[in-house]
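The next block holds one structure in the form of structure tokens; read it before the comments.
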Amino acid sequence: MKSLLYLFLGYTVFRINTENLKDIFNTANRCNIHILRVRIKDCCAEVKIYTRDEKKMFSSLESIGYTLVCRKGLSALAKKYRHRVGIILGLLLFFAAMYVSPMFIWEINISGTNTLSYDYVCGLLEKEGVYIGAFSPTVDRRDLYINILSKTDDISWITVNFIGSSANVEIVERDCTYASEVNADAANIVAAKDGQIIEADVINGRCLIKKGEVVKKGDILVSGVYDTGKMGTRYVYSDAIVYAAVCDEFVVEVPLENTKNVYIDETVMERTFKMFGKSIIFYKNYSILSSNYDTIGREEKIQLFGMEKLPVSVLTTSALIYTEEPVILTEEEALARARHIFYERLDTETNYADMLSLEESYTVENSVLIYKCVVEAVDDIAQTSEFKIN
């Protein structure tokens, strides 16, 4: 930080004999001159002061004698290139561009999308004035929200926040759970798996099951067909929640002989300079292509004089070189790993209302541990089965 301050204010370095150092300090004290640094080498001393104090210091050193070493900083640079108008104008334009650039959109980040593509959302935003290179202060976000929500049925909520040169877009997609009703005349509720009925909450449709009844996968639980007698057959789109006691079996296989990756080195493969949405590759090194490696990318934003965010960054792509080493698992280690995988599947693949019991067992065949777990639980087995009326 001090070095940046010295460059900004400008500094001068001069050399004197060490026997005259006392006079230097007396002059600095008398004239209120701030000495930044003193370096003594052999019989000479190099003294560093601010350029603004140079005139007062040198006038008092005329009788002693001194040698000017250098002048550094913006003031010295401006004096040296004062006749090079092009350089000065170029610097002024550069700093002006850095100051103005956060007011323009150079990056669009979109979050909250599951089914909608990035290009589709960017197309909607572009029609409302949000695109790469747009002047963000002119964007009317209230009109943007109203227009997008009125033009598309895919988005139920949207917000756009401008941070520096980035437009951060958050989206909540519309729930299309019942969109299939438009394409089907009616639907039955069938059993998604075998089970024994515990409870049925029928919202729409004709219930065909009773508590305690055992059903098979594919059996009709709630019918979407009513025979009204006088008014003929009536069709509805059934909707229900049917809880049943089910019995599911999970199988996990874990080899006892495995390999693991041991990372031994990191090598830079590529460096890319990114500015205003454009990319320039200025470094390449693909000499490690014959090795086993994973790639990782790190993007570093460039900040200038404390500005919050500029559309300038350097993307570094590195190769993490690794070797494969054999790993032999004991039965206990393999069993622990199998249980871990099983509970992960239980969390991600099921949505049981209640767990009744777990019964596990395992065997080892051909250096593979085969883990089995039978789960008895209460689950919603209702599955919609649409049909059309001819």
Side-chain angles (χ1 to χ4, degrees), residues 111-115 173 175-177 180 188-201 209 211-222 240-266 291-297 318-386:
S111 61
T113 54
N114 293 317
T115 59
E173 296 181 355
D175 186 2
C176 300
T177 304
S180 59
N188 296 322
I189 299 296
V190 300
K193 59 179 71 173
D194 299 348
Q196 185 176 17
I197 304 300
I198 294 177
E199 182 183 359
D201 181 11
I209 53 176
K211 183 178 179 180
E213 184 178 348
V214 176
V215 296
K216 297 292 184 180
K217 180 179 179 181
D219 288 351
I220 298 178
L221 309 179
V222 179
I241 299 174
V242 181
Y243 289 110
V246 299
C247 184
D248 294 331
E249 184 181 66
F250 295 84
V251 179
V252 178
E253 296 185 0
V254 177
L256 298 181
E257 297 179 2
N258 294 275
T259 59
K260 68 175 181 178
N261 297 340
V262 178
Y263 294 96
I264 58 176
D265 193 16
E266 179 176 345
S291 306
N292 294 326
Y293 65 92
D294 294 329
T295 57
I296 183 173
S318 300
L320 301 177
I321 303 174
Y322 65 86
T323 59
E324 295 183 347
E325 294 187 358
V327 177
I328 306 299
L329 299 179
T330 63
E331 286 190 14
E332 291 76 12
E333 292 172 335
L335 181 60
R337 183 174 296 185
R339 283 176 176 154
H340 178 73
I341 296 172
F342 160 69
Y343 282 110
E344 281 188 342
R345 289 181 57 187
L346 202 63
D347 289 337
T348 57
E349 298 177 10
T350 66
N351 190 23
Y352 295 136
D354 192 15
M355 296 278 292
L356 301 178
S357 67
L358 293 174
E359 182 181 345
E360 63 177 17
S361 62
Y362 74 92
T363 58
V364 177
E365 299 177 8
N366 299 323
S367 297
V368 176
L369 184 138
I370 303 173
Y371 173 85
K372 295 181 180 180
C373 187
V374 178
V375 180
E376 292 185 6
V378 177
D379 196 9
D380 179 12
I381 64 171
Q383 180 177 331
T384 302
S385 175
E386 299 174 343

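Please read all numbers here as calculations on a predicted model, not as lab measurements. Just the heavy atoms: all of them, side chains too, but no hydrogens, waters or symmetry mates, feed the values below.
Closest of all the heavy-atom pairs between Ala244 and Ile381 is CB-CD1, 3.7 Å. In this structure, Ala382 and Ala240 approach most closely via the heavy-atom pair CB-O, 3.5 Å. Nearest approach of Thr363 to Glu365, heavy atoms of both residues: OG1-OE2, 3.8 Å. When every heavy atom of Ile370 is checked against every heavy atom of Glu253, the shortest pair comes out as CG1-CG, 4.2 Å. Heavy-atom minimum distance, Ala200 versus Ile209: CB-CD1, 4.2 Å.
Counting only distance, with no hydrogens or angles, the side chain of Glu257 and the backbone of Ser367 share no donor-acceptor pair below 3.5 Å. Looking only at distances, a side-chain donor or acceptor of Gln196 sits under 3.5 Å from a matching main-chain atom of Gly212.
Partners of Asp379 under the salt bridge (charged side-chain N to carboxylate O under 4.0 Å, His left out) rule, at least two apart in sequence or in another chain, are Lys193. In terms of the salt bridge (charged side-chain N to carboxylate O under 4.0 Å, His left out) criterion, residue partners of Glu266 (sequence neighbours excluded) are, by chain and number, Arg298. With sequence neighbours excluded, no residue forms a salt bridge (charged side-chain N to carboxylate O under 4.0 Å, His left out) with Arg337. For Glu360, the salt bridge (charged side-chain N to carboxylate O under 4.0 Å, His left out) criterion is met by Arg339, not counting sequence neighbours.
Evaluation of the side chain to side chain donor-acceptor pair (under 3.5 Å) test over residues 319-329, restricted to residues two or more places apart or in two chains, returns none.
No side-chain heavy atom of Tyr362 sits less than 4.5 Å from a side-chain heavy atom of Val254. You'll find the side chain of Tyr293 stays beyond 4.5 Å of the side chain of Leu320, heavy atoms only. Contact annotation: the side chain of Ile341 never approaches that of Phe250 to less than 4.5 Å [non-hydrogen atoms, C-beta and beyond]. With contacts defined as side-chain heavy-atom distances shorter than 4.5 Å, the pair Asp194/Cys247 does not qualify.
Residue Ser361 holds its OG atom at 6.5 Å from NZ of Lys372, rounded to the nearest 0.5 Å. Note: Leu329 CG to Leu335 CG = 11.5 Å, rounded to the nearest 0.5 Å. Distance check, rounded to the nearest 0.5 Å: CD of Glu331 to CG of Leu256 gives 7.0 Å.
Exactly one residue among Val215, Asn188, Val190 makes a side chain to side chain contact (heavy atoms under 4.5 Å, CB included) with Leu221. That residue is Val215.
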Atom pairs and distances, donor-acceptor, side-chain atoms in residues 345-354, under 3.5 Å, two or more places apart:
{"from": "Arg345", "atom 1": "NE", "to": "Glu349", "atom 2": "OE1", "distance (Å)": "3.4"}
{"from": "Arg345", "atom 1": "NE", "to": "Glu349", "atom 2": "OE2", "distance (Å)": "3.2"}
{"from": "Arg345", "atom 1": "NH1", "to": "Val251", "atom 2": "O", "distance (Å)": "3.1"}
{"from": "Thr348", "atom 1": "OG1", "to": "Glu344", "atom 2": "O", "distance (Å)": "3.0"}
{"from": "Thr350", "atom 1": "OG1", "to": "Leu346", "atom 2": "O", "distance (Å)": "2.4"}
{"from": "Tyr352", "atom 1": "OH", "to": "Asp248", "atom 2": "OD2", "distance (Å)": "2.5"}

